[in-house]
Every structure is written in C-alpha cells, then in structure tokens.
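Since the structure comes first, as structure tokens, the remarks are kept for the end.
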Protein chains: 2
Amino acid sequence: MAEYDALKLDHQLCFPLYAASREIIKLYHGPLTKIGLTYTQYITMMVLWEEKKINVKSLGKRLFLDSGTLTPVLKTLEKEGYISRIRSSEDERVLMVEITREGEKLKEKAAEIPKEIGSCISLKEQDAKELYRILYTILENRNSQ
Amino acid sequence: MAEYDALKLDHQLCFPLYAASREIIKLYHGPLTKIGLTYTQYITMMVLWEEKKINVKSLGKRLFLDSGTLTPVLKTLEKEGYISRIRSSEDERVLMVEITREGEKLKEKAAEIPKEIGSCISLKEQDAKELYRILYTILENRNSQ
DNA sequence: TATAATTAAATTGTATCCAATGTAATTTAG
DNA sequence: CTAAATTACATTGGATACAATTTAATTATA
C-alpha cells in the first residue's frame with residue numbers, strides 16, 4: 001500500500017526550481033569574477049545598462065529584491081564607480097540610481113558572458129523557450145499580488 | 001537598427017529561474033515558521049523523512065549543497081533534536097546523519113504544507129509537469145558533470 | 001491644518017550559499 | 001611499506017536574502 005507522499009523531495013516543484021537556479025548561477029561565478037562582479041551586482045547592472053536611471057523601488061520590482069538586499073549592493077556598485085546614488089529632489093524619500101560612464105564601459109567587458117553561459121546549459125531550444133514562458137507566468141502572477 | 005542585446009534581463013534564462021525560485025520559497029516562510037523550520041532545514045528533513053539515515057556527502061548530492069552549507073544546518077537540526085550526527089566507524093571521515101523520533105514526529109506537523117503551497121502557485125497541471133521535467137533535465141546534466 | 005496613515009529606503013539580525021582553505025582519515029603508487 | 005594523492009567534512013570569509021523594524025518624507029483625512 002505505497003501511498004503517495006507529498007513530502008518527498010521528488011514530488012515538490014520548489015526543490016528543482018531552487019536547485020536548478022543555484023546550479024545555473026554557479027556557472028556565472030567564473031566569468032563574473034573576471035570582470036569583478038557578483039551575480040546580484042550583474043543583474044543590477046543589466047537593468048541599469050537598459051534603463052540608465054531608475055529608483056530603488058522600481059529596480060526592486062524588476063529584480064524581485066527589496067531595499068534590504070539592494071541598499072548594500074548599490075552602495076558597493078557606487079563605491080566601484082559604476083553607478084551614482086542621488087536622492088530625488090521632488091521626493092526626498094526616493095533614491096535615484098544612475099549608471100556612470102564607467103558603468104557603461106563595464107557592459108563591453110560583460111558582452112561575451114551570455115553566450116559563454118548559454119553553451120554550458122544544454123537545453124533544447126524548445127525546452128528553453130517553454131521554461132522561460134512558464135517561469136514568467138509564475139513571476140507575473142507573483143508581481144501582481 | 002535595434003539589434004538584439006543578450007545583456008537584457010528579459011533575454012536571460014537565469015534571471016526568471018532565480019527570481020521564481022525565491023518567490024516560491026518565500027511562500028514557504030509562513031507555514032514553515034509555524035513548525036519552526038527554515039526552508040533549508042525543511043528540504044534536509046524531507047530527505048531524512050525518506051532515507052532515515054544518510055551521510056553528508058550523499059545528502060549534499062541530493063540537495064546540491066556542500067558541507068559549507070550543510071554542516072551548520074545539520075548542527076542546528078541536531079540541537080533541535082530532529083537528527084543525530086555520528087561518525088562512521090568504518091571510515092572516520094564520514095559523518096552519518098540519522099533521523100530521531102522527534103524528527104519523525106515533525107513530519108506529521110509538516111504534512112499539510114505541500115497542499116497549502118500548491119494552491120498558491122497557480123500553474124496549469126500541464127505547465128507544472130513541463131516545468132518539472134525541464135528542471136530535472138538541467139539538474140541531471142549538472143549532477144553528472 | 002494638525003494628525004494619522006502611507007510610503008521609500010535604510011538598518012538590524014538571522015540564516016544561508018559558496019569559494020577557498022584546512023584537517024584528518026584513507027587509498028594509491030612507487 | 002611509505003610518501004603522495006585523494007576524500008569527507010569542517011572552517012572561514014564575503015556577499016547575499018529577507019523578515020521585521022526604524023526613520024524620514026509625503027499624502028490623506030478629520
């Protein structure tokens with residue numbers, strides 16, 4: 001009478017999600033160390049390479065991270081010279097984060113990373129697309145709640 | 001001439017994986033706090049509810065975690081009385097982790113958690129299956145390298 | 001308009017993660 | 001047999017994550 005046991009690692013969706021996420025992020029360690037970034041700093045810079053200027057709240061919504069995580073990351077990136085942090089004059093509560101010339105230059109160094117990593121993840125084109133689609137349905141659901 | 005930019009958050013598979021993973025794990029915080037576990041402790045206990053006894057290396061392979069992460073987690077679980085840690089007599093390097101009576105009892109308290117969480121993740125049955133399958137192809141690929 | 005409620009960041013405290021290194025036990029080679 | 005290599009786990013140090021709280025600014029309301 002082998003009944004179904006929901007408390008098995010293999011029966012949980014959260015676990016492969018958690019494990020695969022960390023495994024993939026580990027792949028970034030080498031390439032990112034070469035350009036002196038951590039993964040969190042990297043995704044933060046990706047938003048800034050795209051937006052140029054953004055406040056902490058919007059950045060947090062984009063990255064699914066709160067100020068508890070972002071504040072120290074942003075302070076480090078500022079110290080490295082890649083961004084500047086300036087309070088908004090219209091609303092002193094708001095902190096604007098803006099990319100610097102140095103930050104822009106860093107993008108060139110990072111240019112090869114996506115390709116480099118992509119070749120390490122052996123997923124069929126169709127599976128990669130499916131994965132991407134399903135993950136975003138989860139995220140959209142979350143961000144709207 | 002808007003050329004494709006691989007360095008966009010939306011063009012990376014790693015990011016939704018990382019974000020979705022954390023979002024899902026956050027769902028566990030409430031239910032797990034009620035029974036006094038963290039997420040890492042929870043997945044560790046899941047392996048032990050299944051295996052009863054396992055060494056640190058095998059546990060780490062199962063969870064994709066190394067001793068740097070597991071050692072402190074296991075010490076905490078031992079202090080709570082849910083597991084015991086005993087060196088193997090055949091090979092003194094090996095540490096065996098075994099579930100206790102208290103640890104077994106904890107499983108009853110955790111029994112409702114999977115259902116509770118499942119209802120929070122609004123994924124179609126088919127998508128959940130696909131996600132599961134694709135994540136495991138990534139993990140199997142990793143664990144064999 | 002005062003006061004209450006809300007909001008945006010920062011801070012605090014706890015628990016990971018993980019790379020790198022250390023240590024002790026065991027195996028392997030010469 | 002014995003030095004070298006390997007293995008399993010522990011330790012260390014740095015960087016997150018995140019819940020909870022605090023602080024300061026702004027907005028809403030009585």
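As the structure is a computational prediction, the values presented were derived from the model and not from experiment. Proteins get letters first, then strands, A, B, ... in listed order; numbering begins at 1 in each.
- A centroid separation of 6.0 Å or more is found between the aromatic rings of Tyr18(A) and Phe64(B).
- Rounded to whole angstrom, the span from the CD atom of Glu90(A) across to the P atom of dT27(D) amounts to 11 Å.
- For the 3.5 Å distance criterion, the side chains of Ser58(A) and Asn55(A) qualify, holding a donor opposite an acceptor.
- Atom CD1 of Ile86(B) and atom P of dA10(D) are 13 Å apart (whole Å).
- Here dA15(D) presents its P atom at 17 Å from CE of Met45(A), a figure rounded to the nearest Å.
- For the pair Arg133(A) and Glu130(A), the salt-bridge criterion is met [side-chain N within less than 4.0 Å of a carboxylate O].
- In this view, Pro31(A) and Ile113(A), Glu116(A), Ile117(A) satisfy the side chain to side chain contact (heavy atoms under 4.5 Å, CB included) rule, not counting sequence neighbours.
- To the nearest angstrom, P of dA19(D) lies 15 Å from NZ of Lys34(B).
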> What one-letter contact string describes nucleotides 9-22 of chain C from 5' to 3', where B marks a base within less than 4.0 Å of any protein heavy atom, S marks contact via sugar-phosphate atoms alone, and - marks no contact?
Replying inline: BBB---SSBBS---

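- Across the protein-nucleic acid pair, Leu27(B) atom CG and dC18(D) atom C1' stand 14 Å apart, rounded to whole Å.
- As a whole-Å value, the separation of Ile24(B) CD1 from dC18(D) C1' is 16 Å.
- Gln12(B) and Tyr28(A) share a side-chain donor-acceptor pair at under 3.5 Å.
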> Stepwise, does the side-chain contact (heavy atoms from CB on, under 4.5 Å) test hold for Leu63(A) with Thr40(A)?
Replying inline: CA-CA 9 Å; Leu63(A) 298 176; Thr40(A) 316; over 6 Å; no

